[in-house]
Amino acid sequence: MLRLSQFSADQHASYAEHAAEAAEAAGAQGKFWEMHELLFENQDALHDEALAQYAESLGLDAGRLLGEVLNGKHSRRVREDFS
């Protein structure tokens with residue numbers, strides 16, 4: 001199984017964590033790689049509002065995606081990258 005670490009070691013780590021969770025949430029809607037690419041291309045804009053905009057641009061349910069990010073639904077999987 002291919003695993004990519006989603007975390008950045010810089011000052012934007014909190015945004016990076018939410019971005020990683022957004023990629024997982026997008027994956028739950030069938031668009032992990034598309035979201036991953038958008039996040040990579042827009043590393044300077046990873047705040048929650050931007051994540052919702054990216055979801056909308058991919059035709060995802062942005063409310064669901066942001067809800068999953070904010071309630072930490074995918075945080076355990078993202079944190080597994082650290083172990």
Side-chain angles (χ1 to χ4, degrees):
M1 169 188 239
L2 175 64
R3 302 272 287 146
L4 297 176
S5 177
Q6 305 262 351
F7 279 99
S8 170
D10 65 24
Q11 66 187 9
H12 300 290
S14 64
Y15 287 145
E17 184 173 355
H18 270 196
E21 291 181 38
E24 294 293 338
Q29 296 184 49
K31 300 266 183 157
F32 174 85
W33 288 110
E34 294 87 344
M35 179 63 87
H36 184 276
E37 184 175 328
L38 275 175
L39 297 171
F40 184 78
E41 291 172 357
N42 296 284
Q43 294 178 43
D44 60 337
L46 299 177
H47 51 86
D48 292 339
E49 295 81 13
L51 300 178
Q53 290 172 350
Y54 304 149
E56 288 177 1
S57 76
L58 294 173
L60 301 175
D61 180 338
R64 174 182 160 191
L65 182 136
L66 197 55
E68 290 178 6
V69 169
L70 295 176
N71 75 23
K73 181 173 182 175
H74 304 282
S75 63
R76 182 176 178 193
R77 179 175 171 94
V78 169
R79 291 179 188 275
E80 287 174 355
D81 284 344
F82 284 118
S83 54

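All of these numbers come straight from a predicted model, not from anything done at the bench.
The minimum heavy-atom distance between Glu21 and Ser75, with the atom names listed, is OE2-CB, 3.5 Å. Across Leu38 and Ser57, no two heavy atoms sit closer than the pair CD1-OG, 3.6 Å. Across all their heavy atoms, Ala45 and Ala50 have their closest contact at O-CB, 3.5 Å. Closest heavy-atom contact between Ala26 and Leu65: N-CD1, 3.7 Å. Residues His74 and Ala28 come closest through the heavy atom pair CE1-CB, 4.3 Å.
Ionic pairing of Arg79 and Glu17 is present here: one or more N-O contacts between side-chain nitrogen and carboxylate oxygen are shorter than 4.0 angstrom.
Pairs of residues two or more places apart, or lying in two chains, that qualify as salt bridge (Lys or Arg N to Asp or Glu O under 4.0 Å) and include a residue from residues 53-66 are Arg64-Glu68. Pairs engaging residues 28-40 under the salt bridge (Lys or Arg N to Asp or Glu O under 4.0 Å) rule: none recorded [sequence neighbours left out].
Here OH of Tyr15 is found 10.0 Å from CG of Leu51. Values are rounded to the nearest 0.5 Å. Going from atom CD of Glu41 over to atom NE2 of His36 covers 11.0 Å, rounded to the nearest 0.5 Å. Rounded to the nearest 0.5 angstrom, Phe32 CZ and Leu39 CG are separated by 9.0 Å.
Residues that satisfy the side chain to side chain contact (heavy atoms under 4.5 Å, CB included) test with Leu66, not counting sequence neighbours, are Asp48, Ala52, Leu70. Glu49 is linked by a side chain to side chain donor-acceptor pair (under 3.5 Å) to His47, counting only residues two or more places apart in sequence or in another chain.
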